Chemist: 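Before I ask anything, here is the structure I am working with.
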Protein chains: 2
Amino acid sequence: MADDRLSVIFAALADPTRRAILARLVEGDATVTELAEPFAISLPAISRHLKVLEQAGLITRSRSAQWRSSSLNPEPLREATAWMERYRQFWDTNFDRLDAHLKRMRTQTEQNEK
Amino acid sequence: MADDRLSVIFAALADPTRRAILARLVEGDATVTELAEPFAISLPAISRHLKVLEQAGLITRSRSAQWRSSSLNPEPLREATAWMERYRQFWDTNFDRLDAHLKRMRTQTEQNEK
DNA sequence: TCGTTAATTAACGGATGCGTTAAACATAGA
DNA sequence: TCTATGTTTAACGCATCCGTTAATTAACGA
């Protein structure tokens with residue numbers, strides 16, 4: 001896999017188990033065992049998923065005694081959506097209104113600066 | 001890779017060459033050869049990337065004589081952003097979507113003007 | 001029909017992804 | 001210190017991804 005940041009983020013999201021883990025973390029921090037509970041896969045597998053999420057910056061982890069707590073850090077999702085926003089005009093008709101509005105504002109600003 | 005729709009979409013986006021192809025298609029439909037031109041990889045490799053994008057629904061293809069034209073279909077991006085939107089409240093405390101969008105657009109515009 | 005152009009498919013190699021089980025590590029606590 | 005608990009690392013198997021080159025398919029056009 002390419003190691004640029006966006007690729008790492010999208011790759012992390014391309015697994016349903018990892019997306020489910022993120023969804024679970026919305027409800028609050030959780031330990032590895034807690035996160036593993038809903039899934040029919042081994043603990044080491046979950047551990048690896050968490051590593052992937054951590055490397056993508058989607059979670060941060062803290063240790064307290066022998067427990068490793070994961071917490072959600074959705075900032076990378078902002079980057080990912082920012083990338084996709086560039087395509088919004090192709091599916092979102094509201095964008096046209098917004099874009100027109102923006103253009104008007106810019107024109108206005110430019111005139112003000114003259 | 002899991003074969004659910006979101007996984008397929010995110011996996012398709014997890015490659016910089018494929019994202020570059022999508023970016024190129026914003027400017028209009030293109031043939032395989034045209035799409036391959038900026039890259040230092042072989043035509044068959046591009047052909048496979050296009051297949052991945054097509055299976056993710058991100059492009060549609062038409063044939064005219066011996067040319068296969070690709071055109072952008074960003075609908076899957078809407079699905080992907082829809083999934084991510086559920087996390088927006090965690091990164092955008094102001095939650096002023098319009099404002100954020102305008103800010104992004106302005107930045108982009110400024111960069112384009114440089 | 002033959003040659004040219006456009007694109008895909010076939011066959012292969014190497015890297016990575018995702019799962020497993022077994023072993024190791026880290027900490028708490030009797 | 002010994003044991004239990006939580007988690008990670010090691011080692012492996014198998015599937016998939018991503019690239020290559022060579023061969024094949026498809027359509028045009030002299």
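All chains are named by letter (A, B, ...) in the order of the sequence lines, taking the proteins before the strands, and each is independently numbered beginning at 1. Everything numeric here is computed off the predicted structure, so don't read it as measured data.
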Chemist: Any chain of hydrophobic side-chain contacts (each under 4.5 Å) joining A:Trp83 to B:Leu53?
Modeler: yes
Chemist: Measure the distance from CG on B:Asp15 to P on C:dA15 and round it to the nearest whole Å.
Modeler: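 Those two atoms, CG and P, are 18 Å apart.
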Chemist: Would you indicate, yes or no, if D:dG19 has its OP1 or OP2 atom less than 4.0 angstrom from a side-chain nitrogen or oxygen of B:His49?
Modeler: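 Answer is yes, contact under 4.0 Å.
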Chemist: Rounded to the nearest Å, what distance is computed from the CD atom of residue B:Glu34 to the C1' atom of nucleotide C:dA7?
Modeler: 13 Å
Chemist: Considering just the side-chain nitrogens and oxygens of B:Thr31, establish if one lies under 4.0 Å of OP1 or OP2 belonging to C:dA6.
Modeler: no
Chemist: Which whole-number value in Å describes the distance from A:Leu13 CG to C:dG17 P?
Modeler: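 Rounded to the whole Å, the gap is 14 Å.
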Chemist: So if I apply the side chain to side chain contact (heavy atoms under 4.5 Å, CB included) rule between B:Leu77 and each of A:Arg88, A:Arg86, A:Glu85, A:Met84, which one comes out positive?
Modeler: A:Met84
Chemist: Heavy atoms from C-beta onward define the side chain here; which of C:dA6, C:dT20, D:dT8 lies closest to that of A:Ile41?
Modeler: C:dT20
Chemist: C:dT9 phosphate, OP1 or OP2: any side-chain N/O from B:Lys51 under 4.0 angstrom?
Modeler: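 Checking B:Lys51 against C:dT9: at least one side-chain N or O falls below 4.0 Å of OP1 or OP2.
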Chemist: Just to confirm, is there a sub-4.0 Å distance from OP1 or OP2 of C:dT8 to any side-chain nitrogen or oxygen of B:Ser47?
Modeler: yes
Chemist: From CG of B:Asp3 over to C1' of C:dG17, roughly how many Å is that when rounded to an integer?
Modeler: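 Taking CG of B:Asp3 and C1' of C:dG17, I get 16 Å after rounding.
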Chemist: Separation of B:Leu43 atom CG from D:dT21 atom C1', in whole Å?
Modeler: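 Rounding to the nearest Å, CG of B:Leu43 and C1' of D:dT21 are 13 Å apart.
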Chemist: Using the side-chain heavy atoms of B:Ala65, tell me which of these nucleotides is nearest: D:dC28, C:dT9, C:dT27.
Modeler: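 Shortest atom-to-atom distance from the side chain points to D:dC28.
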Chemist: From the set C:dT20, C:dT27, C:dA6, return the single nucleotide nearest to any side-chain atom of A:Gln66.
Modeler: C:dT27
Chemist: Starting at CZ of B:Phe39 and ending at P of C:dA7, how long is that distance when rounded to a whole Å?
Modeler: 15 Å
Chemist: Under 3.5 Å, is there a donor-acceptor pair linking the side chains of B:Ser7 and A:Arg19?
Modeler: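 Judged by distance alone, the side chains do pair up.
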Chemist: Have a look at A:Arg48 and say if it touches a base, only the backbone sugar-phosphate, or nothing, with a 4.0 Å heavy-atom cut-off.
Modeler: base
Chemist: Could you check which of D:dG19, D:dA27, D:dT20 has an atom nearest any side-chain atom of B:Pro44?
Modeler: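 Of D:dG19, D:dA27, D:dT20, D:dT20 is nearest to the side chain of B:Pro44.
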Chemist: Looking across every strand, which nucleic acid part, if any, lies under 4.0 Å from A:Ala40 by heavy atom: base, sugar-phosphate, or nothing?
Modeler: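 Sugar-phosphate contact only - A:Ala40 comes under 4.0 Å of backbone atoms but never of a base.
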Chemist: Relative to the 5' end of DNA chain C, which residue comes earlier, A:Ala45 or A:Arg63, by the nucleotide with the nearest heavy atom?
Modeler: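 Mapping each residue to its closest nucleotide by heavy atoms, the 5'-most match is A:Ala45.
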Chemist: Please check this pair: side chain of B:Thr31 against backbone of B:Glu34, looking for a donor-acceptor N/O pair closer than 3.5 Å.
Modeler: yes
Chemist: For A:Leu58 and B:Tyr87: C-alpha separation, side-chain torsions, deciding distance, then whether side chain to side chain contact (heavy atoms under 4.5 Å, CB included) applies.
Modeler: CA-CA 11 Å; A:Leu58 285 159; B:Tyr87 299 89; over 6 Å; no
Chemist: Among D:dT7, C:dT8, D:dA27, which nucleotide sits nearest the side chain of B:Arg61?
Modeler: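 Within the option list, the nearest is C:dT8.
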Chemist: Distance check needed: C:dT5 C1' versus B:Arg68 CZ, whole Å only.
Modeler: 14 Å
Chemist: Between D:dT5 atom P and A:Glu37 atom CD, what is the distance in whole Å?
Modeler: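 Atom CD in A:Glu37 sits about 17 Å away from atom P in D:dT5.
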